[in-house]
**Q** 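Quick one: structure below, then a few questions.
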Amino acid sequence: MVKSMKMIPFDRSNIPADKLDDPRLAASEEGCRIQMRDSGSMMRTCVHEAAHAIYMERGGAVHIRVHIFTSYYDPKVDDFLVAPMGVAADFGTENRQLSGAEIARWHVAGGVASRVLIGQDVNEGGDQKDIEDFSAWALPHKWTSQMILGCLEQAKRYVKKDLRRPAFRKQVWDRANEFRKQFLDLLAEPK
């Protein structure tokens with residue numbers, strides 16, 4: 001159990017102004033904070049994000065940004081998604097075309113790694129959002145639902161196969177521990 005946590009505010013820049021006072025947002029953020037006080041939940045989150053980051057780098061990302069405590073509003077379902085941690089890739093100025101398979105792998109990698117290495121994902125909602133984000137990328141490219149599902153299933157098999165390699169498992173655990181340290185350093189109460 002992580003006992004002492006500095007109160008870091010959630011990034012609410014993705015929340016429409018008329019939704020900022022919605023009591024569901026505050027309740028979701030508080031639930032996320034409580035969840036992250038549990039060291040097991042924190043590690044599952046870090047493993048999930050580490051796997052995303054590694055596959056983003058394989059796709060050519062030159063820098064990975066780690067975001068702590070971010071809130072989003074989804075108008076389609078009129079609900080909030082809060083994330084204790086997330087990663088975003090910076091691909092620099094290189095204009096490399098990524099294949100759908102590469103993009104699918106980094107979207108599914110977090111959930112697959114959490115389930116394979118820890119036995120469960122930190123939150124199926126986050127995994128579902130990763131899949132929805134991939135689908136949002138694929139639809140404008142004229143992919144059918146069947147193509148999207150097939151690519152995601154193939155990507156999951158690929159990541160599971162990677163995770164059978166001890167060197168890759170170590171890479172994921174090492175990155176997860178780096179993320180955990182960043183998270184704890186940010187949240188540490190000043191002495």
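All residue numbers refer to positions in the sequence shown, counting from 1. The figures that follow rest on heavy atoms only: side chains count, while hydrogens, waters and symmetry mates do not.
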**Q** Using modelled atom types and a 3.5 Å cut-off, is there a donor and acceptor pairing between side-chain atoms of H52 and backbone atoms of W106?
**A**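 Yes.
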
**Q** Taking side chain to side chain contact (heavy atoms under 4.5 Å, CB included) as the test, write out the residues that go with A26, two or more places apart.
**A**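 Checked A26 against side chain to side chain contact (heavy atoms under 4.5 Å, CB included); zero matches.
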
**Q** State, with a plain yes or no, whether a side-chain heavy atom of D38 is found less than 4.5 Å away from one of R44.
**A**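 Sidechains of R44 and D38: in contact.
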
**Q** Is it true that atom CG of D18 has more than 12 heavy atoms of other residues, nucleotides or ligands lying nearer than 6.0 Å?
**A**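 Counting neighbours around CG of D18, more than 12 heavy atoms of other residues, nucleotides or ligands fall under 6.0 Å, so yes.
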
**Q** Using the side-chain hydrogen bond (donor to acceptor under 3.5 Å, both in side chains) criterion, which residues pair with T144? Sequence neighbours excluded.
**A**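 Checked T144 against side-chain hydrogen bond (donor to acceptor under 3.5 Å, both in side chains); zero matches.
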
**Q** Identify the two heavy atoms, one from H67 and one from A88, that lie closest to each other, and give their separation to 0.1 Å.
**A**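 Between these two residues, the closest heavy atoms are NE2-CB, 3.7 Å.
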
**Q** Could you work out, with ring pair (Phe, Tyr, Trp, His ring centres under 6.0 Å) as the rule, every residue matching F179, not counting sequence neighbours?
**A** none

**Q** Tell me which donor-acceptor pairs under 3.5 Å the side chains of residues 147-159 have, and how far apart each pair is, sequence neighbours excluded?
**A**
none

**Q** For S71, which residues count as a side-chain hydrogen bond (donor to acceptor under 3.5 Å, both in side chains) partner, sequence neighbours excluded?
**A**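 Counting only residues at least two positions away or on another chain, S71 forms a side-chain hydrogen bond (donor to acceptor under 3.5 Å, both in side chains) with E29.
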
**Q** What is the minimum heavy-atom distance between A50 and V172, and which atoms define it?
**A**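 Minimum heavy-atom contact is CB-O, 3.7 Å.
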
**Q** Nearest 0.5 Å, please: how far is CZ in R180 from CG in N177?
**A**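 The CZ atom of R180 is 7.0 Å from CG of N177, to the nearest 0.5 Å.
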
**Q** Using side-chain hydrogen bond (donor to acceptor under 3.5 Å, both in side chains) as the criterion, list what pairs up with D78, not counting sequence neighbours.
**A**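 In terms of side-chain hydrogen bond (donor to acceptor under 3.5 Å, both in side chains), with neighbours along the sequence ignored, D78 is linked to K19, R24, Y73.
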
**Q** Does any pair with a residue in residues 132-141 pass salt bridge (Lys or Arg N to Asp or Glu O under 4.0 Å), and if so which ones, sequence neighbours excluded?
**A** K129-D133

**Q** Quick check: closest heavy atoms across A89 and A61, and the distance to 0.1 Å?
**A**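 Scanning both residues, the minimum pair turns out to be CB-CB, 3.8 Å.
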
**Q** For C32 and A83, work out which heavy atoms get closest and say how close.
**A**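 Where C32 meets A83 most closely, the heavy atoms are SG-C, 4.1 Å.
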
**Q** Could you tell me which non-hydrogen atom of R12 sits nearest to which non-hydrogen atom of L20, and how far apart they are?
**A**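 Distance-wise, the nearest heavy atoms are NH1-O, 3.5 Å.
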
**Q** The criterion is side-chain hydrogen bond (donor to acceptor under 3.5 Å, both in side chains); which residues satisfy it with D90, sequence neighbours excluded?
**A**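 With sequence neighbours excluded, D90 shows a side-chain hydrogen bond (donor to acceptor under 3.5 Å, both in side chains) to no residue whatsoever.
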
**Q** Considering residues at least two apart in sequence or located in another chain, which fulfil the side chain to side chain contact (heavy atoms under 4.5 Å, CB included) criterion with A27?
**A**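 If we apply the side chain to side chain contact (heavy atoms under 4.5 Å, CB included) test to A27, skipping adjacent residues, there are no hits.
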
**Q** Once you round to the nearest 0.5 Å, how far does CZ of F183 lie from CE of M42?
**A**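 If we round to the nearest 0.5 Å, F183:CZ and M42:CE are 4.5 Å apart.
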
**Q** Find out whether T70 and N14 are in side-chain contact, i.e. whether some heavy atom of one side chain is under 4.5 Å from a heavy atom of the other.
**A**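 Yes. Closest side-chain heavy atoms under 4.5 Å.
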
**Q** Who are the ring pair (Phe, Tyr, Trp, His ring centres under 6.0 Å) partners of F10, not counting sequence neighbours?
**A** F69

**Q** Could you name each residue pair satisfying side-chain hydrogen bond (donor to acceptor under 3.5 Å, both in side chains) that touches residues 159-175, not counting sequence neighbours?
**A** Y55-D162, E57-R175, R58-D162, D162-R165, K170-D174

**Q** With a 3.5 Å cut-off and sequence neighbours excluded, list the donor-acceptor pairs that the side chains of residues 134-141 form with protein atoms.
**A**
residue, atom, partner, partner atom, Å
S135, OG, I131, O, 3.1
H141, ND1, W137, O, 2.7

**Q** Under a 4.5 Å side-chain heavy-atom rule over Ile, Leu, Val, Met, Phe, Trp and Tyr, are M56 and V62 clustered together?
**A** no

**Q** Kindly indicate whether the side chain of K181, heavy atoms from C-beta on, has any atom under 4.5 Å from the side chain of E178.
**A**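 Sidechains of E178 and K181: no contact.
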
